[in-house]
Amino acid sequence: MTVLGHPRRWSCQCLPVLILLLGTGPGPGVEGVTHYKPGDPVILYVNKVGPYHNPQETYHYYQLPVCCPEKIRHKSLSLGEVLDGDRMAESLYEIRFRENAEKRILCHMQLSSAQVEQLRQAIEELYYFEFVVDDLPIRGFVGYMEESGFLPHSHKIGLWTHLDFHLEFHGDRIIFANVSVRDVKPHSLDGLRADELLGLTHTYSVRWSETSVERRSDRRRGDDGGFFPRTLEIHWLSIINSMVLVFLLVGFVAVILMRVLRNDLARYNLDEETSSGGSSDDFDQGDNGWKIIHTDVFRFPPYRGLLCAVLGVGAQFLALGTGIIVMALLGMFNVHRHGAINSAAILLYALTCCISGYVSSHFYRQIGGERWVWNIILTTSLFSVPFFLTWSVVNSVHWVNGSTQALPATTILLLLTVWLLVGFPLTVIGGIFGKNNASAFDAPCRTKNIAREIPPQPWYKSTIIHMTVGGFLPFSAISVELYYIFATVWGREQYTLYGILFFVFAILLSVGACISIALTYFQLSGEDYRWWWRSVLSVGSTGLFIFLYSVFYYARRSNMSGAVQTVEFFGYSLLTGYVFFLMLGTISFFSSLKFIRYIYVNLKMD
């Protein structure tokens, strides 16, 4: 990673204090299209530059030695745009609606050897730039690099000093924008002496053309000359793979419930009737399997406060994930609108804090918890504290390196205010409602005061094996789709197949529930009643597999490098695995609890 020198000091505009919705201007899903008259000025904003293979390593465009106005005026940005690393500023380009321009001079520059070396390093690291015209991003590479031959070896570096802007319009609206250097020769940056100044003249051309496309969303995908590749055709393989696995697991669980479990219930109930003349102790001594532990299976687990906090935060993220996907399905996110999903995620996280407080406090009171205040504090800290620690490290690395991904102080205060004034109070309110509405646990079986001794378990019923099986199967159901998600978040794809994503998300939850029931049945059959935490860990371990996949993706499927990108990737990948642990652990626990209640309710006992 190359540090692009000290960033220029420009006057940053203060962000609005209560900017929490999806940005200034049009709302989510509404195209921010401006209506123009012929000859009206069209503002082109310069935004950011960065290595092509490091999506989260971005710097302000004016940190490079390029044409820059004397006074830099920044555009007011939404919260999502700031979180996305955008830092838009007005440029020197003069563009007027439907007026072509040929080789118009932008500026003359005299570059020192240090500035030339700065440009050379940027070009060698494949730096690209991003401009924005009427909310349409246009991208291109800063320069040109050519490697040829082995003996003799040649290494040529050139800077693009001329840009061709191609804009399409329909009526009084801009539909499409692109930048090209197809017919331009780069200016060589090789062979300069240390004390020599390099004179450059930056120019640009503007070409307008009319299109029959009336809306930006109607433009065919792949017909936009996109700077970033799109390869989304193989999604059906992911769907078929996931559907086969779901059918196998659902069938497997159905066999357990309809045959094995039915036989168990018939046998246990028959034994109960034939042994009714004898004492219950004699009956217990002659029995085996999951029936014999009916006096211990509902014995409350240790660390019940932590367990309830995990369930509460997991339920919150289930609601958050479902809400984001549903909003995307309803077309509430515009792909041309920067940072819309980031803003929606923050808003939904704050609003769904009431779910975590309610679920955690409600179940905590049901299983006999008394320290409900401590439970609320633990619930609200279970995700926010790890997230804050991870973000602090990542943001500090960005700040030290001058990256635009480092959040300004105003944005940090805004997010902290949102959590203090919305998130935390809603957690407390939800906890109060959950505590007051909690009823008795109402276990189908009475629990004895003295716990039963657990017989030695075979190796294949150990916690590690259950975590391996319970984590690998849900992971395999989403492994293909996971690649496209990583390629979108950590690469250059634009993910818009939200219907498939919703289907795969439902498949993931279904597989997690099914495998949890199967593993819980096997555990109880071995007369091991310690299922509470086991059910959370078994399927929750999918988060560990997702993190291991992220390591594989970084090493084998991406070209990311440098301290800035590496710290951000592994920091947030670790948080992603943690979130999946909470979500799937919650689904697994409540599925197992429902299953255990079902089998013991249908068991005849004295």
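Keep in mind that the numbers below use all heavy atoms, side chains included, and drop hydrogens, waters and symmetry copies.
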(request) Could you walk me through whether Leu508 and Phe580 pass side chain to side chain contact (heavy atoms under 4.5 Å, CB included), step by step? (result) CA-CA 10 Å; Leu508 174 65; Phe580 273 90; 3.7 Å; yes
### Task
Could you give me the CA-CA distance, side-chain angles and deciding distance for Val418 and Tyr349, then say whether side chain to side chain contact (heavy atoms under 4.5 Å, CB included) is met?
CA-CA 10 Å; Val418 169; Tyr349 175 79; over 6 Å; no
- Message: Evaluate Thr295 against Tyr529 for side chain to side chain contact (heavy atoms under 4.5 Å, CB included), listing each step before the verdict.
- Response: CA-CA 9 Å; Thr295 58; Tyr529 51 83; over 6 Å; no
**Item:** Worked check of side chain to side chain contact (heavy atoms under 4.5 Å, CB included) between Val326 and Tyr498
**Value:** CA-CA 8 Å; Val326 169; Tyr498 300 115; over 6 Å; no
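Annotation: side chain to side chain donor-acceptor pair (under 3.5 Å) contacts involving residues 535-546, sequence neighbours excluded, are absent.
The side chain to side chain contact (heavy atoms under 4.5 Å, CB included) with Cys353 is formed by just one residue from the set Leu348, Leu426, Val422; it is Leu426.
Residue Ile596 comes nearest to Thr520 through the heavy atom pair CD1-CG2, 3.8 Å, listed as atom of the first residue, atom of the second, then distance. The heavy-atom pair separating Arg299 from Lys448 by the smallest distance is NH2-O, 2.8 Å. Of all heavy-atom pairs between Ala319 and Ile355, the closest is CB-CD1, 3.5 Å. Residues Ser343 and Gly80 share a closest heavy-atom pair of OG-N, 2.8 Å. Taking both residues in full, the closest heavy atoms of Glu57 and Gln565 are given as N-OE1, 3.4 Å, listed atom of the first, atom of the second, then distance. Contact detail for Leu320 and Ala345: the closest heavy-atom pair is CD1-O, 3.8 Å.
Residue-environment remark: CZ (Phe590) exceeds the threshold of 12 foreign heavy atoms within 6.0 Å. Shown here is Tyr572, whose OH atom has more than 12 heavy atoms of other residues, nucleotides or ligands within 6.0 Å. Within 6.0 Å of atom CD1 in Ile450, 12 or fewer heavy atoms from other residues, nucleotides or ligands are found, so the atom counts as exposed in its surroundings.
Using a 4.5 Å heavy-atom threshold, the side chains of Asp528 and Lys461 count as separate. Side-chain contact between Gln523 and Ser525: absent, with no pair of heavy atoms (C-beta onward) separated by less than 4.5 Å. By the 4.5 Å heavy-atom criterion applied to side chains, Val359 and Thr586 are not counted as neighbours. Side-chain contact check for Trp391 versus Leu407: some heavy-atom pair is nearer than 4.5 Å. By the 4.5 Å heavy-atom criterion applied to side chains, Val564 and Asn54 are not counted as neighbours. In this structure, the side chains of Cys354 and Ile429 stay at 4.5 Å or more apart for every pair of heavy atoms.
In terms of modelled atom types and a separation under 3.5 Å, the side chain of Asn437 and the main chain of Phe433 share a donor-acceptor contact. A donor-acceptor pair is defined here as one N or O able to donate and one able to accept, closer than 3.5 Å; such a pair exists between the side chain of Gln457 and the backbone of Gly526. A donor-acceptor contact shorter than 3.5 Å links the side chain of Ser479 to the backbone of Ser476. No donor-acceptor distance shorter than 3.5 angstrom exists from the side chain of Ser588 to the backbone of Leu584, with no hydrogens or angles considered. A donor-acceptor pair is defined here as one N or O able to donate and one able to accept, closer than 3.5 Å; such a pair exists between the side chain of Trp533 and the backbone of Pro302.
Ring-plane geometry between Phe570 and Tyr554 is classed as tilted, the angle between the planes lying from 30 to 60 degrees on a 0 to 90 degree scale. Taking the six-membered ring where the residue is Trp, Phe581 and Tyr578 present parallel rings, their angle staying beneath 30° rather than reaching 60°. Note on ring orientation: taking the six-membered ring where Trp is involved, the planes of Trp532 and Phe441 are tilted (angle from 30° to 60°).
Contacts of His398 classified as side chain to side chain donor-acceptor pair (under 3.5 Å), with partners at least two apart in sequence or in another chain: Ser403, Glu568. By the side chain to side chain donor-acceptor pair (under 3.5 Å) test, Arg557 pairs with no residue at all, sequence neighbours left out. With sequence neighbours left out, Thr58 forms a side chain to side chain donor-acceptor pair (under 3.5 Å) with Thr404, Gln405. In this structure Ile376 satisfies the side-chain contact (heavy atoms from CB on, under 4.5 Å) test together with Ser361, Trp372, Thr427, Val428, sequence neighbours excluded.
Residue Leu593 holds its CG atom at 11.0 Å from CD1 of Ile517, rounded to the nearest 0.5 Å. Distance check, rounded to the nearest 0.5 Å: NZ of Lys594 to CD1 of Ile599 gives 13.5 Å. With values rounded to the nearest 0.5 angstrom, Ile587 atom CD1 is found 11.0 Å from Cys514 atom SG. To the nearest 0.5 angstrom, Ile367 atom CD1 is 12.0 Å from His362 atom NE2. For the atom pair Thr566 OG1 and Gln56 CD, the distance stands at 11.5 Å (nearest 0.5 Å). Here the straight-line distance linking atom OG1 of Thr463 with atom CZ of Arg530 works out to 7.0 Å at 0.5 Å rounding.
Under the 6.0 Å distance and 45° angle rule, Arg556 does not count as a cation-pi partner of Tyr483.
The six-membered or imidazole ring of Tyr521 lies away from that of Trp531, with a centre-to-centre distance of 6.0 Å or more.
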May I have the list of side-chain donor-acceptor pairs in residues 378-390 shorter than 3.5 Å, sequence neighbours left out?
unit_1, atom_1, unit_2, atom_2, d
Thr379, OG1, Ser360, OG, 2.8
Thr379, OG1, Asn375, O, 2.7
Ser381, OG, Ile377, O, 2.8
Ser384, OG, Thr380, O, 2.5
Thr390, OG1, Pro386, O, 2.9

